[in-house]
Amino acid sequence: QVQLVESGGGSVQAGGSLRLSCAASSNSYSTYCMGWFRQVPGKEREGVALIRPDGRTTYADSVKGRFTISRDNAKNTLYLQMNSLKFEDTAMYYCVAERSTFGFCPTVKISSTWHYWGQGTQVTVSS
């Protein structure tokens with residue numbers, strides 16, 4: 001069982017930066033696949049990024065080169081550094097976790113493959 005609590009959302013002008021954090025309650029945090037999804041009302045959830053237990057990362061094309069996902073296993077914390085924010089990045093951002101299976105993580109393209117979700121933190125980018 002993993003509980004996830006996001007923080008760091010807020011309002012920012014286009015071109016600005018924000019860093020999201022996700023505190024995880026688990027004694028085996030370092031073994032989990034971790035990721036971020038986002039959702040705009042009326043639209044499906046969109047995978048943003050994932051980080052594997054070994055530190056390898058995957059990003060959605062829409063955020064490549066602007067967002068960086070990282071994890072601090074000593075602090076049981078996941079981060080999402082968001083730079084060069086655009087109006088279309090406005091969304092509720094969710095931290096997700098899932099156990100790796102034989103070293104593999106769920107795809108960031110399908111939200112239903114992730115079992116644990118945080119409550120979300122709102123990011124609003126004004127143009």
**Student:** The criterion is salt bridge (Lys or Arg N to Asp or Glu O under 4.0 Å); which residues satisfy it with Lys64, sequence neighbours excluded?
**Tutor:** Asp61

**Student:** Roughly how far, to the nearest 0.5 Å, is SG of Cys22 from CZ of Arg71?
**Tutor:**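 Those atoms lie 10.5 Å apart.
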
**Student:** Write down the atom of Ala60, the atom of Gly47, and the distance for their closest heavy-atom approach.
**Tutor:**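 Nearest heavy atoms, Ala60 then Gly47: CB-O, 3.3 Å.
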
**Student:** Not counting sequence neighbours, which residues clear side chain to side chain contact (heavy atoms under 4.5 Å, CB included) with Asp89? List them please.
**Tutor:**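 Testing Asp89 for side chain to side chain contact (heavy atoms under 4.5 Å, CB included), a comparison that skips the adjacent residues, returns Arg38, Arg66, Phe67, Leu85, Lys86, Tyr93, Val125.
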
**Student:** Val63 and Phe37: same hydrophobic cluster, using ILVMFWY side-chain contacts below 4.5 Å?
**Tutor:** no

**Student:** Sort and list the pairs that fulfil salt bridge (charged side-chain N to carboxylate O under 4.0 Å, His left out) and have at least one residue in residues 96-111, not counting sequence neighbours.
**Tutor:**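 The answer is none; no pair qualifies.
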
**Student:** Hey, does the side chain of Ser26 reach the backbone of Ala24 with a donor-acceptor pair shorter than 3.5 angstrom?
**Tutor:**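 Here the side-chain-to-backbone pair does not exist.
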
**Student:** How about Pro106 and Ser112: do any of their side-chain heavy atoms sit closer than 4.5 Å?
**Tutor:**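 The answer is no; the side chains never approach within 4.5 Å.
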
**Student:** If we only count heavy atoms from C-beta on, is the Leu78 to Leu4 side-chain gap below 4.5 Å?
**Tutor:** no

**Student:** How far apart are the closest heavy atoms of Lys75 and Thr77, and which atoms are they?
**Tutor:**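 In terms of heavy atoms, the two residues are closest at O-OG1, 2.8 Å.
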
**Student:** Does Trp117 have Arg45 sitting over its ring (NZ/CZ under 6.0 Å from centre, angle to axis within 45°)?
**Tutor:** yes

**Student:** Do the ring planes of Tyr32 and Tyr116 sit parallel (below 30°), tilted (30 to 60°) or perpendicular (above 60°)?
**Tutor:**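 Answer is perpendicular, since the angle exceeds 60°.
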
**Student:** Please indicate whether Gln3 has more than 12 foreign heavy atoms, meaning atoms of other residues, nucleotides or ligands, lying under 6.0 Å from its CD.
**Tutor:**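 No, CD of Gln3 has 12 or fewer neighbouring heavy atoms, counting only those of other groups under 6.0 Å.
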
**Student:** May I ask you to decide whether Arg52 forms a salt bridge with Asp54, counting only side-chain N to carboxylate O separations under 4.0 Å?
**Tutor:** no

**Student:** When clusters are formed by joining ILVMFWY residues with side-chain heavy atoms under 4.5 Å apart, either directly or through shared neighbours, do Val2 and Tyr94 land in the same one?
**Tutor:** no

**Student:** Who pairs with Ser7 by side chain to side chain contact (heavy atoms under 4.5 Å, CB included), at least two apart in sequence or on another chain?
**Tutor:**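 Residues passing side chain to side chain contact (heavy atoms under 4.5 Å, CB included) with Ser7: Ser21.
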
**Student:** Write down the atom of Leu18, the atom of Gly10, and the distance for their closest heavy-atom approach.
**Tutor:** CD1-O, 3.9 Å

**Student:** Please say yes or no: joined through hydrophobic side-chain contacts below 4.5 Å, possibly via intermediate residues, are Ile69 and Tyr79 part of one cluster?
**Tutor:** no

**Student:** If only atom types and distance count, is the side chain of Tyr59 paired as donor or acceptor with the main-chain N or O of Gly65 below 3.5 Å?
**Tutor:**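 Answer holds: no.
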
**Student:** Would Val123 end up clustered with Val96 when hydrophobic side chains under 4.5 Å apart are linked, directly or stepwise?
**Tutor:** no

**Student:** Donor-acceptor check, side chain of Gln39 to backbone of Ala91, threshold 3.5 angstrom: yes or no?
**Tutor:** no

**Student:** Restricting to side chain to side chain donor-acceptor pair (under 3.5 Å), what partner residues turn up for Gln81, sequence neighbours left out?
**Tutor:** Asn83

**Student:** Tell me which one of Val108, Ile51, Leu80 satisfies side-chain contact (heavy atoms from CB on, under 4.5 Å) with Trp36.
**Tutor:** Leu80

**Student:** Taking the side chain from Glu6 and the backbone from Gly120, do they hold a donor-acceptor pair closer than 3.5 Å?
**Tutor:**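 Checking the backbone N and O of Gly120 against the side chain of Glu6, a donor-acceptor pair under 3.5 Å is found.
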
**Student:** For Thr31, enumerate each residue passing the side chain to side chain contact (heavy atoms under 4.5 Å, CB included) test, keeping only those at least two apart in sequence or located in another chain.
**Tutor:**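 Listed in chain order: Ser28.
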
**Student:** If hydrophobic clusters are built from ILVMFWY residues whose side chains come within less than 4.5 Å, do Met34 and Met92 share one?
**Tutor:**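 Looking at the clustering, Met92 is in a separate group from Met34.
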
**Student:** Could you go through Glu46 and Ser62, starting from their C-alpha distance and side-chain angles, then the distance that decides it, and tell me whether this counts as side chain to side chain donor-acceptor pair (under 3.5 Å)?
**Tutor:** CA-CA 10 Å; Glu46 175 192 17; Ser62 58; 3.3 Å; yes

